[in-house]
Amino acid sequence: MRIIISPAKKMNVDTDSFAVEALPRFLGETEKLMAALKGMTGEALQKLWKCSDAITALNVERLRDMDLRHGLTPAVLAYEGIQYQYMAPGVLETEGLDYLRQHLRILSGFYGLLRPFDGVTPYRLEMQAKLGVEGNKDLYGFWGGRLAEQLATETELILNLASKEYSKAVEPWLPRTVRFLTCTFGEENAGKIMEKGTMCKMARGQMLRWMAENQITDPEDLREFHDLEYRFSAEHSSENNYVFVKGEKKNA
């Protein structure tokens, strides 16, 4: 099993807590993206990044001094988003970290596909960015089937805990031999399941932490997850979409 998650916009530098174990697998592609970004004006970058003047200035400075091989932070510690806060890798025991090392993969518009202890540097480039490189109109075209092909060499089951923006960089390219199982977290409203962004991120991180602590390898065991008031709903679920409803009563 491989678990895929999204990155986070806010990034941290931590070169002390854990050692970097490798460079990202698609570093050659990252270098091409970096070159494309460095060739853009500050105004064009701000339009691409869709961010404030202050965040643009920070990331233009990062881009100017960017080093993809030195002073790196393990990917699992580099991202500071809500999902990562709830995963809390910094306080996992050795067994939990080994679980992440084996099973977790982080999707990235800039790096493509990251193992937890691949070394990264702060950047800003979301997967949905309209960055044209090598004749492609966007990053989905640039990455093409590379990420799915790599995952397919590692596993026959992908557990999707990523946002739609990132999961669609993988799912359309997967061979039929690979099962793609998505976990959905929501609240029932008038018979429909409504997802709320912040709560979804919290639940994805909490599930990942729970999986690491309990060494979950059988997807059927995911149905036992019941943190943050979420419970598995057989009524709303299907073979490849496990739905967890907030406040749902435990199935008998």
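Predicted model only: the values in this text are computed from it and were never measured.
Residues Y140 and Q128 have side chains in contact (heavy-atom distance under 4.5 Å, counting atoms from C-beta outward). Looking at heavy atoms from C-beta onward, F142 lies out of side-chain contact with L131 at the 4.5 angstrom threshold. Within the 4.5 Å cutoff, side-chain heavy atoms of M211 are placed close to those of L159. Taking the side chain as every heavy atom from C-beta outward, L222 and L181 approach each other to under 4.5 Å. For the pair R209/V91, a side-chain contact is recorded, criterion being any heavy-atom separation below 4.5 Å from C-beta on. Taking the side chain as every heavy atom from C-beta outward, R146 and Q150 never approach each other to under 4.5 Å. Side-chain contact between E188 and S233 is absent, with no heavy atoms from C-beta onward closer than 4.5 Å. L104 has its side chain within reach of M87: a pair of non-hydrogen atoms, C-beta onward, lies under 4.5 Å apart.
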Could you give me the CA-CA distance, side-chain angles and deciding distance for E171 and N160, then say whether side chain to side chain contact (heavy atoms under 4.5 Å, CB included) is met?
CA-CA 9 Å; E171 186 178 14; N160 175 32; 5.8 Å; no

Do E21 and R101 pass the salt bridge (charged side-chain N to carboxylate O under 4.0 Å, His left out) test, and can you show the C-alpha distance, the side-chain angles, and the key distance before you say yes or no?
CA-CA 10 Å; E21 296 180 357; R101 183 180 285 107; 2.8 Å; yes

Could you check N12 against Y84 for side chain to side chain contact (heavy atoms under 4.5 Å, CB included), going step by step and ending with a plain yes or no?
CA-CA 12 Å; N12 174 54; Y84 292 83; over 6 Å; no

Derivation and outcome, side chain to side chain contact (heavy atoms under 4.5 Å, CB included), residues I216 and Y99:
CA-CA 9 Å; I216 302 297; Y99 179 92; 4.1 Å; yes

Under the criterion side chain to side chain contact (heavy atoms under 4.5 Å, CB included), I'd like the reasoning laid out for R62 against L58: C-alpha separation, chi angles, the key distance, then a yes or no.
CA-CA 6 Å; R62 284 174 168 174; L58 170 64; 4.0 Å; yes

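Tracing side-chain contacts under 4.5 Å through hydrophobic residues (I, L, V, M, F, W, Y), one never reaches V13 starting from I55; they form parts of separate clusters. Hydrophobic clustering places I4 together with L157 (ILVMFWY residues linked when any side-chain heavy atoms are closer than 4.5 Å, directly or through intermediates).
No donor-acceptor distance shorter than 3.5 angstrom exists from the side chain of Q83 to the backbone of L208, with no hydrogens or angles considered. Using modelled atom types, no side-chain atom of H103 and backbone atom of I3 make a donor-acceptor pair closer than 3.5 Å. Put simply, the side chain of W173 gets close to the backbone of G144: a donor and an acceptor are under 3.5 Å apart. Formation of a donor-acceptor pair under 3.5 Å by the D138 side chain with backbone atoms of G141 is found in this model. Judged by distance alone, the side chain of R179 and the main-chain N or O of E239 form a donor-acceptor pair under 3.5 Å. The closest donor-acceptor contact from the side chain of Y166 to the backbone of M127 lies under 3.5 Å. Of the possible donor and acceptor atoms, none in the side chain of K9 sits under 3.5 Å from a partner among the backbone N and O of E126. Distance alone, capped at 3.5 Å, is enough to place a donor-acceptor pair between the R115 side chain and the L23 backbone.
For the atom pair CZ (R25) and CG (L114), the distance works out to 10.0 Å, reported to the nearest 0.5 Å. Going from atom CD of E195 over to atom OG1 of T184 covers 5.0 Å, rounded to the nearest 0.5 Å. To the nearest 0.5 Å, atom CZ of residue F185 and atom CG of residue L228 are 9.0 Å apart. Atom OG1 of T15 sits about 13.5 Å away from atom NE2 of H70, to the nearest 0.5 Å. One distance of note links CG of L113 with CD of E149; it measures 12.0 Å at 0.5 Å rounding. One distance of note links NZ of K196 with CE of M202; it measures 12.0 Å at 0.5 Å rounding.
Contact detail for P122 and M11: the closest heavy-atom pair is CA-SD, 3.7 Å. Nearest heavy atoms, V170 versus A148: O-CB, 3.5 Å. The two residues V243 and H236 come nearest to each other via the heavy atoms CG2-O, 3.4 Å. Minimum heavy-atom separation, L107 to A162: CD1-CB, 4.3 Å. Contact record, F117 with A19: CD2-O, 4.0 Å, taken as the closest heavy-atom pair. For P7 against S108, the heavy-atom pair with the smallest separation is CG-CA, 4.4 Å.
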Side-chain polar contacts of residues 71-81 - donor-acceptor pairs under 3.5 angstrom, sequence neighbours left out - could you list them?
unit_1: T73; atom_1: OG1; unit_2: D14; atom_2: N; d: 2.9
unit_1: Y79; atom_1: OH; unit_2: Y123; atom_2: OH; d: 2.8

Can you give me every donor-acceptor pair (side chain of residues 30-48, partner residue at least two apart or in another chain, under 3.5 Å) with its distance?
unit_1: T30; atom_1: OG1; unit_2: F26; atom_2: O; d: 3.3
unit_1: T30; atom_1: OG1; unit_2: F110; atom_2: O; d: 2.9
unit_1: E31; atom_1: OE2; unit_2: R69; atom_2: NH1; d: 2.6
unit_1: E31; atom_1: OE2; unit_2: R69; atom_2: NH2; d: 3.0
unit_1: K32; atom_1: NZ; unit_2: E134; atom_2: OE2; d: 2.9
unit_1: T41; atom_1: OG1; unit_2: A44; atom_2: N; d: 3.1
unit_1: Q46; atom_1: NE2; unit_2: C51; atom_2: O; d: 3.0
unit_1: Q46; atom_1: NE2; unit_2: D53; atom_2: OD1; d: 2.8

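S163 meets the side-chain hydrogen bond (donor to acceptor under 3.5 Å, both in side chains) test with S6; sequence neighbours excluded. For Q206, the side-chain hydrogen bond (donor to acceptor under 3.5 Å, both in side chains) partners are D227, not counting sequence neighbours. By the side-chain hydrogen bond (donor to acceptor under 3.5 Å, both in side chains) test, T121 pairs with no residue at all, sequence neighbours left out.
Side-chain atoms of E220 and Y242 form a donor-acceptor pair, as typed in the model, at a separation below 3.5 Å.
Applying the ring pair (Phe, Tyr, Trp, His ring centres under 6.0 Å) test to every pair with at least one member in residues 201-220, sequence neighbours left out, gives these pairs: W210-F225.
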